[in-house]
Amino acid sequence: MKSKMYDAIRVGGGPAGRFGACFVKALGGEPLIIENSNLGGQCPKNRCAFENFIWEQASMAEMMRLFSGKSWYPNIDLSNISQWKAVEMYNNVGQKCADDAMDFQTEVQLKVDVVRGDGKIIDKNTVETNGKVYKGKALVISTGSRPTIPNIPGTSLPGVMTYVEHAEMRKDPKRLVVIGGGNVGIGKAGMFRAFGTEVIVLEKYKVMAEWDAELREFALNLIKTKGIKIVEGVDVKEIKGNGRVECVVAEVNGERVEYPCDAVMLSVGLTPNSEVAKPLGVKIGDHNEIVIDEGCRTSVSGVYAAGDVGGPPFLQSVSRKRGMVAAKNVMGLDAKMDYSFLPAHVYLAPLEATMVGLTEEEARKRTEIITIKMPTGPKPKEEIPPTEFRPGFGGLGLPAYGRMLTLNCMYYGRNLHGYLKAVIDVKTRKYLGFHHIGEGAKGGFQYLGYLLKTGFTVDQMAELNEIFLNPEHFIQATRLVAGYKDIEGLSRLSRG
Ligand SMILES: Cc1cc2nc3c(=O)[nH]c(=O)nc-3n(C[C@H](O)[C@H](O)[C@H](O)COP(=O)(O)OP(=O)(O)OC[C@H]3O[C@@H](n4cnc5c(N)ncnc54)[C@H](O)[C@@H]3O)c2cc1C
């Protein structure tokens, strides 16, 4: 019997593969997904969903610690908490929910064919799985990426982990060294710290370097008050231990320094899984990525690559969109990727930082700007740790609402109230960037990124309908001043 000819075979059913296949189906084509693990890829397994879940648990731990015995809150004993129990909860329930949802959406609702197994590419129209051959008019490689393992001795010692092993942990470490202070590394540091682990982050360059300077300062103060140590300009040389990790050896300012620990988190980036494509002779870049053009086409006609395997930016949204762009091109349309206005996000339990567009510093170099900032009360007193209960709003300019309002009521002036900044072009009244530390903003930032692209103005923002008086979506802060036709009026909320 002649085998079915698919319009596109997707090797890998993560965000890129799954969304791309569903898009082919929506455009009237017949896609096949070949997936060797779970539909949805690494996001629900050990990345986005897992990370968000653990941040949520870490935030709860932080808040219980902060509130215990204060105001109406009962005394809460946190001496015996463990992160691995939270990990176990995610593995037992969270991941299963995600798997069920992905399987149902893809196979039952959208009726996309899925084969479970390792896809071995034979040629650009043929993939073999479990001894069976599948044929497609086009091939889309969406095999994702894996953690980059630095080329130093000791990375295979027990106790050394990446985000993959984090999602499988069975014991809480006492002292953790995080190697790599990128968005993921900083997030991991906060998650472990909340559960009582001592944490040091070693970063080769500068942490949160691309962030708005004021937000970065706010974030670093917050991290410091939690007792997390960050060391910048560190060249890690070796991980040492006798049968198990015992310390990280590094060079700092020309000096050899040892950081004792019982666990290490490697968080130095991702390496695309392009090996599967090598038999096709597609062009591979310097960082193991499959080289793609704006339409996700590889150097071999009829072969596409989507998601992390095509190199950075390593984001779920980019992966899904690359999947969609490849799908459209497979189906004869002419689609292109647009990488502008991608939001960035860092977990800072119990808060989170989100940004999109230009920082204040970048914007000032290009044009005349003003900013809208909140809160506008006195600056946090960094030297006082967040242990003192000080109810009331004395001296408060504008409080941030949601979770920050509670934190604010309890700890105003202790760097827990959140921070908000919008950057605006004076002449055009268009927004250039949005920046936020707090909680609950990341949902809104997904839309704010798109609005920036459209040239959204303060006058248009003032026409939106807020459901609550929450400032994290910038409506309230803007509406207060949007009526002013002059810069002076607009900048009223900028004064600290
Ligand atoms: C810790 C962490 C947290 C993150 N959090 C976020 C976040 O909050 N938001 C965000 O936007 N991005 C986040 N990212 C990035 C995001 O997870 C990735 O960009 C996204 O998962 C990439 O999707 P993908 O489809 O390219 O690959 P993957 O999700 O890796 O899926 C690829 C799939 O292909 C399968 N596969 C590989 N080879 C084969 C083969 N030969 N045959 C069959 N199947 C195969 C794999 O098993 C896998 O299931 C995070 C990344 C990390 C490391």
Side-chain angles (χ1 to χ4, degrees), residues 12-20 22 35 37-60 83 86-87 89-103 105-106 142-148 161-169 178 180 182-192 194 265-273 306-324 339 342-356 436 439-447 449:
R18 196 173 84 91
F19 277 81
C22 294
E35 168 58 51
S37 176
N38 54 292
L39 280 182
Q42 294 189 77
C43 277
K45 197 172 172 183
N46 46 32
R47 293 188 177 187
C48 329
F50 170 77
E51 199 93 333
N52 189 80
F53 177 82
I54 298 298
W55 163 75
E56 185 76 34
Q57 309 314 307
S59 297
M60 283 191 208
Q83 189 190 167
V87 171
M89 180 161 56
Y90 183 79
N91 290 336
N92 287 345
V93 188
Q95 209 177 359
K96 288 189 173 53
C97 294
D99 284 353
D100 286 352
M102 310 267 171
D103 294 352
Q105 278 182 341
T106 316
S142 43
T143 45
S145 63
R146 57 183 180 269
T148 300
M161 58 181 153
T162 66
Y163 68 86
V164 175
E165 291 78 25
H166 182 194
E168 296 161 1
M169 69 182 257
V178 179
N183 294 355
V184 171
I186 290 291
K188 296 280 185 203
M191 291 170 205
F192 278 85
M265 172 69 68
L266 297 175
S267 182
V268 295
L270 298 172
T271 301
N273 295 325
D308 283 4
V309 75
F314 297 122
L315 288 170
Q316 181 188 228
S317 57
V318 168
S319 298
R320 287 177 171 179
K321 282 164 83 177
R322 281 182 178 166
M324 282 164 50
Y339 295 98
L342 294 172
H345 178 251
V346 181
Y347 287 121
L348 302 167
L351 306 181
E352 55 188 344
T354 322
M355 65 162 281
V356 65
H436 187 268
E439 198 264 341
K442 67 177 182 285
F445 269 71
Q446 300 167 111
Y447 305 99

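For the numbers below, each heavy atom of this structure counts, side chains included, while hydrogens, waters and symmetry mates do not.
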**Request:** Would you name the heavy atoms of Val309 and Pro272 that are closest together and state the gap between them?
**Result:** O-CB, 3.6 Å
**Request:** Taking all heavy atoms of Ala353 and all of Leu348, pick out the closest pair and write down the distance.
**Result:** CB-CD1, 3.9 Å
**Asked** In terms of side-chain heavy atoms, does Ser59 have a donor or acceptor partner in Glu56 at a distance below 3.5 Å?
**Response** no
**Test side-chain contact (heavy atoms from CB on, under 4.5 Å) applied to Ala98 - qualifying residues, sequence neighbours left out** = Pro44
**Asked** Under 3.5 Å, is there a donor-acceptor pair between the side chain of Thr148 and the main chain of Leu270?
**Response** yes
**Asked** Parallel, tilted or perpendicular for Phe445 and His436, by the 30°/60° rule?
**Response** tilted
**Fill in**
Correct closest heavy-atom pair for Ala86 and Phe53 would be O-CE2, 3.2 Å
**Asked** Are a donor atom and an acceptor atom from the side chains of Gln42 and Tyr163 found within less than 3.5 Å of each other?
**Response** yes
**Item:** Side-chain heavy-atom pair Phe50, Lys45 within 4.5 angstrom cut-off
**Value:** no
**Request:** State whether the side chain of Ser142 and the backbone N or O of Ala306 hold a donor-acceptor pair below 3.5 Å, judged by distance alone.
**Result:** no
**Request:** Determine, stepwise, if the pair Met265 / Phe192 fulfils side chain to side chain contact (heavy atoms under 4.5 Å, CB included).
**Result:** CA-CA 10 Å; Met265 172 69 68; Phe192 278 85; 3.8 Å; yes
**Where Leu342 and Ser317 come nearest, the two heavy atoms and their spacing** = CD2-OG, 4.4 Å
**Prompt:** Passes side chain to side chain contact (heavy atoms under 4.5 Å, CB included), Asn38 versus Met102? Steps please.
**Reply:** CA-CA 9 Å; Asn38 54 292; Met102 310 267 171; over 6 Å; no
**Asked** Glu165 side chain to Thr162 main-chain N or O, any donor-acceptor pair under 3.5 Å?
**Response** yes
**Request:** Could you tell me the separation between the CG atom of Leu266 and the NE2 atom of His166, rounded to the nearest 0.5 Å?
**Result:** 13.5 Å
**Prompt:** Excluding sequence neighbours, so at least two apart, what forms salt bridge (Lys or Arg N to Asp or Glu O under 4.0 Å) with Glu352?
**Reply:** Lys442
**Request:** Test side chain to side chain contact (heavy atoms under 4.5 Å, CB included) on Glu35 and Ser37 and set out the steps.
**Result:** CA-CA 6 Å; Glu35 168 58 51; Ser37 176; 3.2 Å; yes
**Item:** Check against side chain to side chain contact (heavy atoms under 4.5 Å, CB included), Val93 and Lys96
**Value:** CA-CA 5 Å; Val93 188; Lys96 288 189 173 53; over 6 Å; no
**Asked** Out of curiosity, Lys321 NZ to Phe19 CZ, how far, rounded to the nearest 0.5 Å?
**Response** 13.0 Å
**Message:** Does anything in residues 46-55 form a salt bridge (Lys or Arg N to Asp or Glu O under 4.0 Å)? List the pairs, not counting sequence neighbours.
**Reply:** Arg47-Asp308, Glu51-Lys188
**Asked** So, does Ser267 use its side chain to make a donor-acceptor pair with the main chain of Val184 at under 3.5 Å?
**Response** no
**Asked** How about Tyr447: does its OH atom have over 12 heavy atoms from other parts shown lying under 6.0 Å from it?
**Response** no
**Message:** Once rounded to the nearest 0.5 Å, what's the spacing between atom CH2 of Trp55 and atom CE of Met191?
**Reply:** 9.0 Å
**Item:** Whether Asn91 side chain and Glu168 backbone form a donor-acceptor pair below 3.5 Å
**Value:** no
**Request:** Return yes if some donor-acceptor pair links the side-chain N/O of Asn273 with the main-chain N/O of Thr143 below 3.5 Å, else return no.
**Result:** yes
**Prompt:** Nearest 0.5 Å, what's the OG1-NE2 distance between Thr354 and His345?
**Reply:** 4.5 Å
**Asked** Does Gly307 offer a backbone N or O that forms a donor-acceptor pair with the side chain of Arg322 under 3.5 Å?
**Response** yes
**Request:** Determine the minimum heavy-atom distance between Glu439 and Pro350, stating which atoms define it.
**Result:** CG-O, 4.4 Å
**Complete:** Heavy-atom nearest pair, Tyr339 first then Val318, reads CE2-CG1, 3.8 Å
